[in-house]
**Student:** 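Here's a structure for you.
Nothing here was measured: the structure is a model prediction, and the numbers come from that model. Side chains are part of it too, since the values below use all heavy atoms of this structure and drop only hydrogens, waters and symmetry mates.
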Amino acid sequence: MAMERKKKASAESGVLLLVVAAILIAVNALSFFMYFRKDTTKTERYTLSEGSGRLLRGMKNDMKVEAYVTKGLPKLDAFVRDLRDLLQQYKDASKGKFDFAIIEAKDEEQKKKAREAGLQEIQFGEGSDTEDKAEFAKGFMGLVLNYGAERDTIKVLSPDNNVGLEFWITNKIREIRDKGDNIKHKIGLLTGNDEIKLSAPDLIPNNQGQKPTLQGVISQYFPFYQFVDVDLKNGDAEVDDSLDGLIITQPGKDISEKELRRIDAFVMKGKSLAVVASAVNVKASDATMNGTLSTRGLEKLLEGYGIELRKDVLLEFGRPFRVSMFTPSGPQTLRFPPVLDVHDDFRFTGDEQLLDTSFAAFFRIPEIGFPFSSSLVLHRDKQPNVPPEKFKVVARTTPKTLRETGDTVDLRPLRQWRPKGEFNQFPIAVTMEGKLKSAFQSGDKMGVEAPAESVNPARILVISSSQFFANPFARAGNAPDMGGQMGMMMGGMGDELLQQIAGAYAQQIITNVILVTKNMLDWITGDVDLLAASAKILQEPGLAYGDVSKPNFDDMTEDQLKKVDDNMKKERKKTQYWVEGSLILGLPALFALFGVLLWRRRISARENLMLA
């Protein structure tokens, strides 16, 4: 009798194992047809942005992409799998407007087609973690995009880094779409008042042998934007109506009222205006960094819109730009209060929020540098038709910030920065959108006609930072550009200390400056669909810790602030250890416990059966 029970239990166990195996096989088979995954990353890193899908669905013609790939190494195979998945998401989102083919160019004919298309054949290598050897493969990893009569390529995709893959593919799709559909986006840059130019080589120290410019970077990677110089000739010329918007950078001399009225008339047509300037003026190639405070007439225009630009420089003692470097007195960490290092800090909310990363220009960008800023004051009564959510501050200092006023200010990096005065928190970036009131409601029109209210919704962005588009230490520390052979001879000259600091600033800040500029152009043209794709070029943001209180900058010294930051790092490390331990040990332990419970349940059932 006992033997029969054992045979029966064994048979039941065997049938149970077969049923479980059948279920697993069925689930795997169904997953081939019913694939599903959930992307929980903040930037939706593994999900195609909705804006990319709308771009594809809005195309007039169909697009066909040929993806030439190389396989054979683990990292190549993984990259090709990710690329295939991403292209499939493009296809699914396009509603029939996008298709692709994966081509592993093995024979000579396929390789010839890839070369003729403009792709580069390169050698890939991968080392072994367990053995002292490396494997190599030679081939292609690039895309050929065909849209109507247009054809373009992404010559090389890097298998070592797939961060921002959607960003580069979507922007190339947009570029070829705009060519094929003859779409142009023209952005005006105000000139004629000694403005800081986007074409100035002020991004990195010139002792590195390169002279990139912000305008050059934007034109190279985002050629669908065209920059147009706008010289108002002291107000005798008007702003071209064909421009999507106008950008005013830091002027070196006063802008006349007639020119300001021309700008206002342009805005009243429902156009976009971005003012990236402050009261802080510092000359190029001036290692003394002695600044003068003057709003250059911009205050007349901005006050008319309800944004007061004050004649001051803000000194940020709560979170200034810091750099660790060797100085004549040895290694030390230097801080520069006139350069505000503004972070997206979840501990500051509401009217204390430091950086509004939901705003288009700052979308999902965790850190932005604001060199040489002046304080802004909002006067909402000047724009009664604009609701508060459309007239808002999008960047602030920390509460531990001082105003320094006067006619001149010493901005030398090695100056002894001693706080004097009352700490406060100040707006440094403001935006408004809607049916705006004209900045000039009365007075002599000077021959410039403009309605009292914009005929269509208009937009204004003010970023109170005179060298937002530049690297302030490179601009001050680089030698003057002489051009020709003289320029080549002086390329390594300039202030060594400032150029050393400029290198650190470029590594920490400039990438985000480029992204903000690109996003700002999207905001100016009203084409903000691709902001989510742009955010994917950034690294995934760190974990947020709700149990860590925000620092009280008003009552904390430098050492205490450092202690708060160290505490956050410890909390982060502790949480990371818990997550790591849970994944490595927790899940297997749960499965083991589940198995033990099932085993005990079977033993108990057998004992009850024998007793019966």
Side-chain angles (χ1 to χ4, degrees), residues 161 163-164 167 196-222 249-250 276 278 280 282-287 289 316 319-327 331-344 355 361-362 365-373 395 411-414 463 465-481 487 490-521 534-535 537-539:
N161 183 15
V163 174
F167 172 79
I196 292 180
K197 300 185 184 305
L198 301 189
S199 57
D202 295 333
L203 293 184
I204 63 174
N206 60 17
N207 60 11
Q208 296 184 5
Q210 299 176 342
K211 294 185 178 181
T213 69
L214 185 56
Q215 186 168 330
V217 171
I218 296 295
S219 298
Q220 178 181 353
Y221 292 105
F222 314 108
T249 57
Q250 185 70 24
V276 186
S278 74
V280 188
V282 182
K283 294 180 180 179
S285 302
D286 181 4
M289 297 185 75
E316 170 66 89
R319 191 169 281 148
F321 173 73
R322 291 181 173 90
V323 60
S324 298
M325 58 181 295
F326 286 93
T327 66
Q332 59 178 303
T333 299
L334 303 179
R335 61 175 186 167
F336 307 99
V339 179
L340 286 57
D341 188 11
V342 182
H343 289 243
D344 175 22
L355 190 64
F362 305 153
I365 298 177
E367 176 187 9
I368 303 174
F370 292 79
F372 308 149
S373 291
L411 301 173
R412 289 174 300 155
L414 296 184
I463 297 179
S465 171
S466 62
Q467 295 192 29
F468 185 85
F469 290 132
N471 181 330
F473 305 106
R475 188 169 187 272
N478 286 345
D481 188 5
M490 297 187 65
M493 299 181 65
D495 187 278
E496 292 184 4
L497 175 63
L498 288 178
Q499 291 187 344
Q500 188 177 351
I501 301 172
Y505 186 90
Q507 291 181 350
Q508 183 173 330
I509 301 295
I510 293 301
T511 296
N512 288 354
V513 169
I514 294 171
L515 285 178
V516 170
T517 304
K518 189 266 180 186
N519 288 350
M520 186 186 302
L521 299 179
S534 299
I537 200 172
L538 301 168
Q539 294 296 325

**Student:** Are the side chain of E316 and the backbone of R319 linked by a donor-acceptor contact shorter than 3.5 Å?
**Tutor:** yes
**Student:** I want to check something: taking the side chain as every heavy atom from C-beta on, are F469 and M520 in contact at a cut-off of under 4.5 Å?
**Tutor:** yes
**Student:** S285 side chain to N478 main-chain N or O, any donor-acceptor pair under 3.5 Å?
**Tutor:**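 Side chain of S285 to backbone of N478, a donor-acceptor pair under 3.5 Å: yes, one is there.
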**Student:** Go through it in stages, so that I can follow the logic: the residues are V516 and F468, the test is side chain to side chain contact (heavy atoms under 4.5 Å, CB included), and I'd like the CA-CA distance, side-chain angles, deciding distance and then a yes or no.
**Tutor:** CA-CA 10 Å; V516 170; F468 185 85; 3.7 Å; yes
**Student:** Rounded at 0.5 Å granularity, tell me how far CD1 in I204 sits from CD in Q499.
**Tutor:**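 Going from the CD1 atom of I204 to the CD atom of Q499 covers 10.0 Å.
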**Student:** Please check this pair: side chain of R475 against backbone of P201, looking for a donor-acceptor N/O pair closer than 3.5 Å.
**Tutor:** no
**Student:** Ignoring hydrogens and angles, state whether a donor on the side chain of D202 or Q467 is under 3.5 Å from an acceptor on the partner side chain.
**Tutor:** no
**Student:** Taking the side chain as everything from C-beta on, heavy atoms only, tell me whether I368 gets closer than 4.5 Å to L355.
**Tutor:**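 Yes - at least one pair of side-chain heavy atoms lies under 4.5 Å apart.
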**Student:** My understanding is that only residues two or more places apart in sequence, or in another chain, count here; which of them pass ring-ring contact (aromatic ring centres under 6.0 Å, His included) with Y505?
**Tutor:** F321, F473
**Student:** Taking the side chain as every heavy atom from C-beta outward, state whether P413 and I501 have any pair of such atoms under 4.5 Å apart.
**Tutor:** yes
**Student:** Please test L411 against V280 for side chain to side chain contact (heavy atoms under 4.5 Å, CB included), starting from the C-alpha separation and ending with a verdict.
**Tutor:** CA-CA 10 Å; L411 301 173; V280 188; 3.9 Å; yes
**Student:** Give the intermediate values and the outcome of side chain to side chain contact (heavy atoms under 4.5 Å, CB included) for residues I218 and T517.
**Tutor:** CA-CA 8 Å; I218 296 295; T517 304; 4.1 Å; yes
**Student:** Would you find a donor on one side and an acceptor on the other, under 3.5 Å apart, between the side chain of N471 and the backbone of L203?
**Tutor:**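 Yes, because the side chain of N471 sits within donor-acceptor range (under 3.5 Å) of the backbone of L203.
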**Student:** Quick check: closest heavy atoms across Q250 and S278, and the distance to 0.1 Å?
**Tutor:**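 In this case the closest contact between Q250 and S278 is OE1-N, 2.8 Å.
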**Student:** Does the side chain of F362 come within less than 4.5 Å of N519's, by heavy atoms?
**Tutor:**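 They are not in side-chain contact.
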**Student:** Please check this pair: side chain of S465 against backbone of S373, looking for a donor-acceptor N/O pair closer than 3.5 Å.
**Tutor:**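 Flag not set: sc S465 to bb S373 has no pair under 3.5 Å.
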**Student:** Please check if any side-chain donor atom of T333 sits under 3.5 Å from a side-chain acceptor atom of S324, or the reverse.
**Tutor:**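 S324 and T333 do have a side-chain donor-acceptor pair below 3.5 Å.
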**Student:** Quick one: list whatever passes side chain to side chain donor-acceptor pair (under 3.5 Å) with D341, sequence neighbours left out.
**Tutor:**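 With neighbours one apart ignored, the set is H343, Q508.
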**Student:** Would you indicate whether the side-chain heavy atoms of L497 and L414 approach each other to under 4.5 Å?
**Tutor:**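 L414 vs L497: side chains touch.
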**Student:** Minimum heavy-atom separation for D495 to A287, with atom names?
**Tutor:** OD2-CB, 3.7 Å
**Student:** Counting heavy atoms not belonging to F222, are there more than 12 under 6.0 Å from its CZ?
**Tutor:**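 Atom CZ in F222 is packed in, count exceeds 12.
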**Student:** Answer yes or no: is there a side-chain heavy-atom contact under 4.5 Å between E367 and N512?
**Tutor:** yes
**Student:** Is the closest side-chain heavy-atom distance between M289 and L498 below 4.5 Å?
**Tutor:** yes
**Student:** Could I get the full list of ring-ring contact (aromatic ring centres under 6.0 Å, His included) partners for F372, not counting sequence neighbours?
**Tutor:** none
**Student:** Test side chain to side chain contact (heavy atoms under 4.5 Å, CB included) on D344 and I365 and set out the steps.
**Tutor:** CA-CA 8 Å; D344 175 22; I365 298 177; over 6 Å; no
**Student:** How about V323 and Q500: do any of their side-chain heavy atoms sit closer than 4.5 Å?
**Tutor:** no
